[in-house]
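What follows is a single structure, written as structure tokens, with notes after it.
Each chain gets a letter, A, B and so on, in the order the sequences are listed, and its residues count up from 1.
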Number of protein chains: 2
Amino acid sequence: MVNQVQQVDGSWQSCRGDSSGASNSSAESSKESSRCSTPLPDADRSDRLREKMRKRMDSGDRWFSLEFFPPRTASGAVNLISRFDRMGSGGPLYIDITWHPAGDPGSDKETSSMMIASTAVNYCGLESILHLTCCNQTKEKITGYLAKAKHLGLKNIMALRGDPVGDDWEDEEGGFNFAVDLVKHIRSEFDEYFDICVAGYPTGHPEAESYEQDLRHLKEKVDAGADFVITQLFFRADTFLKFLDDCRAAGITCPILPGIFPIQGYQSLRQLVKMSKLEVPEEITKIIEPIKDNDAAIRNYGIHQAVDMCRVLLDSGKVPGLHFYTLNREVATMEVLRQLGLWVEDPRRPLPWAVSANPKRKVEDVRPIFWASRPKSYIYRTQDWDEFPNGRWGNSSSPAFGELNDYYLFYLKSKSSKEALLQMWGEELKNEQSVFEVFTCYITAQPNRNGQKVLCLPWNDEPLAPETNFLKDELEKVNRRGVLTINSQPNINGKPSADPVVGWGPPGGYVFQKAYLEFFTSSENVTALLKVLKKYEPRVNYHIVDVHGHNMTNAHEMQPNAVTWGIFPGREIVQPTVVDPVSFMYWKDEAFALWIEQWAKLYEDESPSRMIIKYIHDNYFLVNLVDNDFPLESCLWRVIDDMFELLDATPEPLNDEAASQ
Amino acid sequence: MVNQVQQVDGSWQSCRGDSSGASNSSAESSKESSRCSTPLPDADRSDRLREKMRKRMDSGDRWFSLEFFPPRTASGAVNLISRFDRMGSGGPLYIDITWHPAGDPGSDKETSSMMIASTAVNYCGLESILHLTCCNQTKEKITGYLAKAKHLGLKNIMALRGDPVGDDWEDEEGGFNFAVDLVKHIRSEFDEYFDICVAGYPTGHPEAESYEQDLRHLKEKVDAGADFVITQLFFRADTFLKFLDDCRAAGITCPILPGIFPIQGYQSLRQLVKMSKLEVPEEITKIIEPIKDNDAAIRNYGIHQAVDMCRVLLDSGKVPGLHFYTLNREVATMEVLRQLGLWVEDPRRPLPWAVSANPKRKVEDVRPIFWASRPKSYIYRTQDWDEFPNGRWGNSSSPAFGELNDYYLFYLKSKSSKEALLQMWGEELKNEQSVFEVFTCYITAQPNRNGQKVLCLPWNDEPLAPETNFLKDELEKVNRRGVLTINSQPNINGKPSADPVVGWGPPGGYVFQKAYLEFFTSSENVTALLKVLKKYEPRVNYHIVDVHGHNMTNAHEMQPNAVTWGIFPGREIVQPTVVDPVSFMYWKDEAFALWIEQWAKLYEDESPSRMIIKYIHDNYFLVNLVDNDFPLESCLWRVIDDMFELLDATPEPLNDEAASQ
């Protein structure tokens, strides 16, 4: 039926002129999240947080960190995770996630503190601290939370007492009455596994008998095993600096990090101050009261005030890092950090893909290229692996991939709504050409027939990567004709590792790539392609597979092909991306399923639009091509050109050999 | 004392003009032996012999093989091993070593059949067949031999009955009366571990009742588990072709390989014919009898006769390979093979170093560069390893190296006599400069003061490798001034893997190298060098160590530096050579010990010559340098120049800081 539609609609040529369709994804679209807090290789990757702090203090390299609270809704979670990726790019040493006893914080819900922290570590590659409060909790419950955190790869805990629930709460013998009890419990149950942070109160804890007694409490927490201190917010640099001196005088020697709260609005300030039982100094209230209804003015003032205060702190020489209470917002904190010169979007990446911060994955240094645009899916599907291919992929070392049954896992969910997706991908598809147009619009970043830009595709939730711009003209050309590209990388013959677009790894090295192209295309095209590929033996390796797993290849059945590698001073070769024939079969299932799960299901059952997508799903092939001759200009476009030439030269459609093979 | 001699003799400059000294070794001097019977990678490396034959037959690619007998003396063994390396370069599919019950063939003596076969496999990388005769042997003895062969990495047995000792030998019940009993025994005790070859007699076994009965015996041997047949020698192609047809008619389907005997002399022919109870056809005796005293004429005739016969055999289309009875001589067999076009010195190497044929080592694909000129020593010292670093070297995966106590292990023994070494390296050394001259002469291939060419050094038993010619001028310059180079390689930025000088690995790939230089030099030079190297951070990695293990480095203490790697179609990256900091300490011991064991001990105890070498051994440093910036011109010569410049600019010798650090 779809074939009919296609014939009615006309030839390949006819759709070429007016198509505004679009798409491709690139091997590097996830660069953002890999520019995370650990841009340096090896040592830094395996250091625990307290060691990272130690090294930064030794080198005088000041850091910042960011505090977030868990979102209330699933779509809030999706947004927060995007924010992690964006704010991670500025280079925080770590982030921390607050703990809200009322919000089921230790559950598996996508909005729980536990799951948000896990996502930050595992999927966004951010060193993270999970807050944990202990009052009104049993030891078993707390141990359970800690064991779960450990299992998820979390390595740092902020040990807090938390606010008692109800008025009738009293100290329990042997229970958790103070944060120090929690610190002791963590050390006694988990030894040195966790790095432990505790809270400091520059003006004394509101419930403490005195400032001095509160200092003694802090000393106890540190003596019980806390590694560093983050303070409650304050409004004057002097407040913190006096507190710091008093701590040192009291014998507290660990890092003490000031908590910075850039004022972002009148209401949020009042709320926070009330919750924290803090007083806003008169010099501040005098300024903001008159402008309390002017949000922009207050935010500007807040930025100005925070920058001034931070400068005094940093200039004191006593403050190795600044901790920001972001209130889950980006603008003010980023602006303060920019003005302080602490926001550094380091283009250096330790590896060409987003590195996970889960300690289990720290040895991981090679992945199949197929998931390049879906790194979170790859991490999810390999989360149960106990060993990762490090160094070379190994002939038979790839364990089974996890099933990806739930396409609505919150960190894989599209940031766009169903309505937005329909506007981008078409409310109604007429034929296969309609699909070609969507891909082409994605590639060209041109609006579609409805004037909408196509900002994502089922295989790629981000706009095109800078690297893919190199290939834009060729990609546009082939997508218009139904070579529906979902992944590609250009060949690179020894660019410096510091190259801002394609570089990765430590300085002084050189990076290389083999040209790669991955696309869906019709069985008619595949028949022609197979004929053409004979001319390109052994230069081009290919895998061509349909949804049923019918597989054609000229590559070794087990041997991966390294397509990205780097040579560095004093190092072994690193080859972080491979075309691995075994994992390609798992990727194939995922790539085909995305047609249905993310696209076809936008349309009603039995609707023509849905049938068109289903036809493609059932009949197209997924093709990957590698040009092994990386020092020469890529021949992959010539391969596709030759395929079209052969198709154009054949009056009748070629027999559908491929599909019947 | 040596210092005094040096001062008497004059300055650095004075020795520059007239020095005819010499030396360096190169990373690739052992190329010869790696151009062995397995120039193709992977599959071929792990195939067993019968599979290799099968593939060659399928592809129509004809092979040859070579038979040798064990030598009588230790120096004969050294010569035979050199011959293996030379004849291995022509690409035999395998060699075989005969078994002489009278010569203690299964012992650990350097001349035993067992050890010669083991050396061919392990140290020369040659697929080898060990002959084994069973008559007059107990089952236990035979099983012991087979177990030992297996332990040594031998995979192929030629199962023979052998000649009965004495006249009173009779068939034993259940004993080894015929080769078929041995075949059965091997299969019953070792299952399919060994490939088994048996002998065929084109004119019937001399003791067989009839030609037909002999065919039945052969059929029995094959039915019992033999994989292929090699025939006794014969003089007419027709003899073999008839035998072949008869075998096929008798149901023998395995490969049957003709044994070719190029007549090399009148006496050797008569002897062999007598032993084999064969008759020389009249057409041959008619020709050779008249020229029986003219060795050259007989050899030329023998070559001519063998070539003619082999052509008939090959043209029949029934002969997949030819087996040559070499009598341990090279010339005639090589000439026959050249005329037949079967002698192919394939410049392709599977890896840049000599691959061992021991099945245990088939996964091995990375070695430290230090042993590049002493691959047999590396193999010896790692023979007990159960696992080899494959792929990447791994941070801590290098197990302990075996001790190298016996510097007279026959496969490490210099091919030169003590007298020849003294002529090359100096009957009497006057000072350190005398040593510099030896190194310089080795490098330049110029004769020394006594008119002798220096063809080897303790660290390098072969003349300079072709690759090192690239560096000749620079090497000469620095050796004259006491930078005594023992290992080096130029940088290479992506030459085709088929490059005849530096290429290796499968076709269609590209090979790379970082520039490497390794030398001994005085502590005064090292002091200057360390100052100079500061300018070259982090481009140059160095390790500088003295005999006591005092070690200075700017490299990671565990992390190897890949200095040779290759990129191939459809493959992971291969990095066969690394500078590994752990194994460097083992190499250091060996490299320093060679001064004493191979050089100093040539001279009398307490003699000035011996004291000079001992002084160098005790006071010099072993230095290695890697220039990580492989795409640029190597800076290592500039480093050395800068060192000399600094030394020249300093009126008084620099303090001996390095040695006292």
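A heavy-atom distance below 4.5 Å is found between the side chains of A/Phe630 and B/Ile567.
The environment of CZ in A/Arg54 is sparse: at most 12 heavy-atom neighbours from other residues, nucleotides or ligands sit within 6.0 Å. For CD of B/Glu633, the number of neighbouring non-hydrogen atoms (other residues, nucleotides, ligands) closer than 6.0 Å is 12 at most. Within 6.0 Å of NZ on A/Lys495 lie no more than 12 heavy atoms contributed by other residues, nucleotides or ligands. The number of heavy atoms from other shown groups lying within 6.0 Å of CD (B/Glu192) is above 12.
Between the side chain of A/Gln575 and the backbone N or O of B/Ile573 there is at least one donor-acceptor pair closer than 3.5 Å.
Residues A/Lys514 and B/Arg571 come closest through the heavy atom pair NZ-O, 4.3 Å.
Looking only at heavy-atom pairs under 4.5 Å with chain A, the residue among B/Pro631, B/Ala562, B/Pro581, B/Gly570 that has the most is B/Gly570.
Both the backbone and the side chain of B/Pro569 have a heavy atom closer than 4.5 Å to some heavy atom of chain A.
Between A/Tyr510 and B/Phe512, the gap from one ring centroid to the other reaches at least 6.0 Å.
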